[in-house]
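What follows is a short report on a single structure.
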2 protein chains.
Amino acid sequence: MSEKQDTKSRILDAAEKLFGLKGFDATSLRDITAEAQVNLAAVNYHFQSKDSLIDAVIARRIEPVNRRRMEMLDAAGSHPNLKQILTAFLAPVLDQDLGSVVPLLGRMMSDPTQFVEKVFRKHLAQISQRFQEALQEQLPELAPAELLWRTHFTVGVMTHLMSLSQVLPALTGGLCDISDRQALIERVVTFAAAGYRARAAEPALTEGKG
Amino acid sequence: MSEKQDTKSRILDAAEKLFGLKGFDATSLRDITAEAQVNLAAVNYHFQSKDSLIDAVIARRIEPVNRRRMEMLDAAGSHPNLKQILTAFLAPVLDQDLGSVVPLLGRMMSDPTQFVEKVFRKHLAQISQRFQEALQEQLPELAPAELLWRTHFTVGVMTHLMSLSQVLPALTGGLCDISDRQALIERVVTFAAAGYRARAAEPALTEGKG
DNA sequence: GTCTATAGGTTGATAGAC
DNA sequence: GTCTATCAACCTATAGAC
């Protein structure tokens, strides 16, 4: 759409695209400035360092997602049910641009190297707490640790969808089409909600038939 | 245990550890040879290129996992139930060394760049087909595409566990302890089995209360 | 703000002695 | 098989002209 953009935005757009496509380490500043059609020195002028650029690229996309999550959770009232909570958590992510934002967020979520410091503590700790409380209210019989495990599992479903979003059609011979967002979100929510509601295994008993 | 190892194995061990810790791109051959305490040129002598080394590192760990998966699936008889199928698929992965193999497999599964060619087509396509058939037999009411989606979700749960295995205790304030493998496997199987069994959403209807 | 030029370091890979 | 030495290419970052 917009023919002309300022240098800073062009760099952010190009970085986002390439980080998602090739990963943070495999993308050089030269790759980015070539894609953005700006001068190499512009990156350091506007963002000081590659590491700060990564921070900026991530923050630009995760913060609006988190705001939308809170909006949707609030909109569901003071006692949102399980599917409303899960939808508020997942939909804002899966509704993003499949060509750049989704792969970027996938890289961000699945790279353990600096995930704790760069992503979780800065952007996810607070909102996770809020959703965890809402979930616990709907699932009072679930021990907090068990609830946390299942949230970790659900985040895994979401993360893997984002990481492999670009290759999923090829992987499944076209059977899994990721472009219908609404259907995808409902699918994930259905799957995760059933997982949350599963009766926790009782370690002391011999296991029953599956 | 083994004090003395041949150069080739030392390189594989060091590469596995560092690839898991820092990722494929961020790990240089010099990092690897320093860790393995071997000469830099030894890598190219034994493995030709970094890319071939990555292949070798992956193949060494995924192939035994796949053999074990098939063993467990076969051991469950000709009509394994859902939990038996899921356990056969997940347990051989989650039972691996948490300090090196699990993080490596996590990197491998969550890097979309060459996942299709380097990992899926070479190591996962065939076994996926076999498990998909077993699952379909137990879940005949589920459309093949829907089944595939849920398998993708389940692989996401597994992958995210592997990717963040090193940081999960720190992330959850120690609440989620990954060292009890048996309990973890049961937790994942319980969650995924419930997800597989969830009634598929019917797009035409207005949604019921969650 | 944008550019050129370049510093200073790392990378994967190889040639050739032993 | 293992080593030293090295190449050519690449990297991030910055200094300084405009």
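Residue numbers begin at 1 in each chain, while the letters A, B, ... track the order of the sequences.
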Next item on the list: Mind calculating the distance between CG (A:Leu29) and P (D:dA9) to the nearest angstrom?
Entry: 21 Å
Check: Is the closest side-chain heavy-atom distance between A:Leu53 and A:Ser49 below 4.5 Å?
Finding: no
Checklist line | Neighbours of DNA chain D within residues 43-59 of chain B, by heavy-atom distance under 4.0 Å | finding: B:Tyr45, B:His46
Margin query: Please report the distance, rounded to the nearest Å, between CG in B:Leu40 and P in D:dA5.
Written below: 13 Å
Margin query: Measuring to OP1 and OP2 of D:dT2, would you say a side-chain N or O of B:Thr7 lies under 4.0 angstrom away?
Written below: yes
Next item on the list: Let me know the distance between CG of A:Asp25 and C1' of C:dT11, rounded to the nearest Å.
Entry: 13 Å
Notebook entry, point to check: In whole Å, what is the span from the CG atom of A:Asp31 to the P atom of D:dC10?
Noted result: 10 Å
Notebook entry, point to check: Parallel, tilted or perpendicular: which fits the ring planes of B:His152 and A:His160, with parallel below 30° and perpendicular above 60°?
Noted result: tilted
Next item on the list: Could you check if a side-chain atom of B:Met109 sits within less than 4.5 angstrom of a side-chain atom of A:Leu164, using non-hydrogen atoms only?
Entry: no
Note to self: Checking A:Arg10 against A:Glu35 for the salt bridge (Lys or Arg N to Asp or Glu O under 4.0 Å) test, could you report, in this order, the C-alpha distance in whole Å, the side-chain angles of both residues, the deciding distance, and whether it holds?
What the structure shows: CA-CA 9 Å; A:Arg10 298 168 67 96; A:Glu35 170 78 23; over 6 Å; no
Checklist line | Nucleotide nearest B:Ala41 when distance is taken to its side chain, options C:dT2, C:dT11, C:dA15 | finding: C:dA15
Next item on the list: Starting at atom NZ of B:Lys8, determine the distance to atom C1' of D:dT2, rounded to an integer number of angstrom.
Entry: 15 Å
Notebook entry, point to check: Considering all heavy atoms of both residues, which atom of B:Ile178 and which atom of B:Leu161 are nearest to each other, and what is their separation?
Noted result: CD1-O, 4.1 Å
Next item on the list: Hey, can you tell me if A:Phe24 and A:Phe19 have their rings parallel, tilted or perpendicular (30° and 60° cut-offs)?
Entry: tilted
Check: Using a cut-off of 4.0 Å on non-hydrogen atoms, how would the nucleic acid contact of B:Ala42 be classed: base, sugar-phosphate, or nothing?
Finding: nothing
Check: Between B:Arg30 and A:Thr27, who's closer to the 5' end of DNA chain D by nearest nucleotide?
Finding: B:Arg30
Notebook entry, point to check: Under 4.0 Å: is that the gap between some side-chain N or O of A:Ser28 and OP1 or OP2 of D:dC10?
Noted result: no
Next item on the list: Assess whether salt bridge (Lys or Arg N to Asp or Glu O under 4.0 Å) is satisfied between A:Lys122 and A:Asp55, documenting all intermediate values.
Entry: CA-CA 10 Å; A:Lys122 199 181 291 181; A:Asp55 281 341; 3.8 Å; yes
Next item on the list: Using atom CG of A:Asn39 as one end and atom P of D:dG16 as the other, report the distance to the nearest whole Å.
Entry: 17 Å
Note to self: Measure CG/A:Asp6 against C1'/C:dT2 and give the value in whole Å, please.
What the structure shows: 13 Å
Next item on the list: Rounded to the nearest angstrom, tell me the gap between atom CD1 in B:Ile32 and atom P in C:dA13.
Entry: 11 Å
